[in-house]
2 protein chains.
Amino acid sequence: MSSNSTQNVLDKAQQKCVSTGAKLTSKRSRLLELLIDSDKPLSAYEVIDRYNQFSGQSMPPMSAYRILDFLISKQLVHKLSSENKYVACSHITCEHEHSVAQFLICRSCQKVKEIMIDAGIMQGLAHSVEEAGYQLQSSQLELDCLCQQCATH
Amino acid sequence: MSSNSTQNVLDKAQQKCVSTGAKLTSKRSRLLELLIDSDKPLSAYEVIDRYNQFSGQSMPPMSAYRILDFLISKQLVHKLSSENKYVACSHITCEHEHSVAQFLICRSCQKVKEIMIDAGIMQGLAHSVEEAGYQLQSSQLELDCLCQQCATH
DNA sequence: TTCCTCTTGATACACCGTATCATAAAGCAG
DNA sequence: CTGCTTTATGATACGGTGTATCAAGAGGAA
């Protein structure tokens, strides 16, 4: 039931895994597919529910968390730590290494858009952090927003 | 056992509450004091534990969450949503209205520094967000960092 | 006092995440 | 193929985070 483009993304994900000596097993692939096809971030338990519904099986939470961690380590999935939810990376099919993404989270409808913020701005941010005596470790930002639809009611 | 400066902050917090018609009750004040005196963010249950130890009473979770929500609504406390922890605001004694704060969270020792980021940078950030068709609702950033001590081992 | 509002208590529960031990499946040496 | 090792997954149980709901106390206003 996946769209052709979902299949393309999964194929590319498969390649990425193989190229690093990892295996995109059927369960891993299926969880990634669920996230790709979702129009909003899913909690771990929502992922489990959808998987169970699809497969008729019953995946234990531990397995789901392990698989999600795997997908994150391969940069196929991002965790939104402010929401405890997971989203498929929007750039799986990009050839070039992309820098860390930022997320715009609509506080009304929960939809999330993954964007790349201008490097100059991120540099300025890192500079502010350094002035305070800290070092920026990750530039993944989760920004509290309203999407266009929700903004106009 | 509070230092004089803690008392000053509590007095100022009291004033802020009264000026908006709210009451800083003894429990609210005590929870705020615990957070002020802590050198790192505390989870709700850590706050409860410390309160119980101090008072010999047993505060139910619901009460703690309500009190924390109250303190947040008065801008006396911030919630770090990426960590599910709470910190006292660093600017309670500031007279001027301060804009939203950003937090540098050391991934190694968990200490948190509250800073104000240059308005120009935040504007640039908001601009990037608008280009993506979203509106920035809050500029509270939680940045994954290393503090100076942890960076040098 | 009586009423109203705000604050706090108490119980129960739902959701998020992990520790631990066990099982299965896939590669690899001999 | 056999046996060994590594990796992936299952199963159970538990702890941490947060909320729904109903009840009780505390303080002020008429």
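Values below: all heavy atoms of this structure, side chains included; hydrogens, waters and symmetry mates excluded.
At a cut-off of 3.5 angstrom, the base of D:dG18 holds no donor-acceptor pair with the side chain of B:Arg66. Between the base of C:dG17 and the side chain of A:Tyr45 there is a donor-acceptor pair shorter than 3.5 Å.
If you check the side chains of B:Thr93 and B:Asn8, you find no donor sitting under 3.5 Å from an acceptor. A donor and an acceptor atom, one from each side chain of B:Asp11 and B:Gln7, are located under 3.5 Å apart.
One can place CG of B:Leu68 at 12 Å from C1' of D:dG18, the figure rounded to the nearest angstrom. Straight-line distance from the CG atom of B:Leu71 to the C1' atom of C:dT8: 14 Å, rounded to whole Å. For the pair B:Met59 CE and C:dT8 P, the computed distance is 8 Å after rounding to whole Å. Spacing between atom CZ of B:Phe70 and atom C1' of C:dT5 amounts to 15 Å, rounded to whole angstrom units. Protein atom CG of A:Asp49 is 9 Å distant from nucleotide atom P of C:dC15, rounded to whole Å. Here C:dT7 presents its P atom at 10 Å from CD1 of B:Ile67, a figure rounded to the nearest Å. For A:Leu24 and D:dT7, the CG to P distance is 17 Å, given to the nearest whole Å. Computed from coordinates, the B:Tyr86 OH to D:dG16 C1' distance equals 12 Å when rounded to whole Å.
Each of D:dG10, D:dG18, D:dA8 was ranked by its minimum atom distance to the side chain of B:Tyr65; first place goes to D:dG18. The listed nucleotides are C:dA10, D:dT9, C:dT8; the one nearest the side chain of A:Arg28 is D:dT9.
A:Tyr86 has its ring centre no less than 6.0 Å from the ring centre of A:His78.
Summary of the strand contacts: B:Ser43 and A:Met62 both lie near DNA chain D, and taking for each the nucleotide with the nearest heavy atom, the more 5' one is attributed to A:Met62.
When heavy atoms are screened at a 4.0 angstrom cut-off, A:Tyr51 is found touching no nucleic acid atom at all.
Dashed line: the shortest gap from a side-chain N or O of A:Asn84 to OP1 or OP2 of C:dG17 is under 4.0 Å. At least one side-chain nitrogen or oxygen of A:Lys79 sits closer than 4.0 Å to the OP1 or OP2 atom of C:dG17. For D:dG10, one of the phosphate oxygens OP1 or OP2 lies less than 4.0 angstrom from a side-chain nitrogen or oxygen of A:Ser63. At the phosphate of D:dG10, OP1 or OP2 sits under 4.0 Å from a side-chain N or O atom of A:Lys27. When the side-chain nitrogen and oxygen atoms of A:Lys23 are compared with OP1 and OP2 of C:dA25, none of them lie within a distance under 4.0 Å.
Side chain of A:Gln102 to backbone of A:Lys113: no donor-acceptor contact under 3.5 angstrom is found.
Heavy-atom contacts from other residues, nucleotides or ligands closer than 6.0 Å to CD of B:Gln110 number more than 12.
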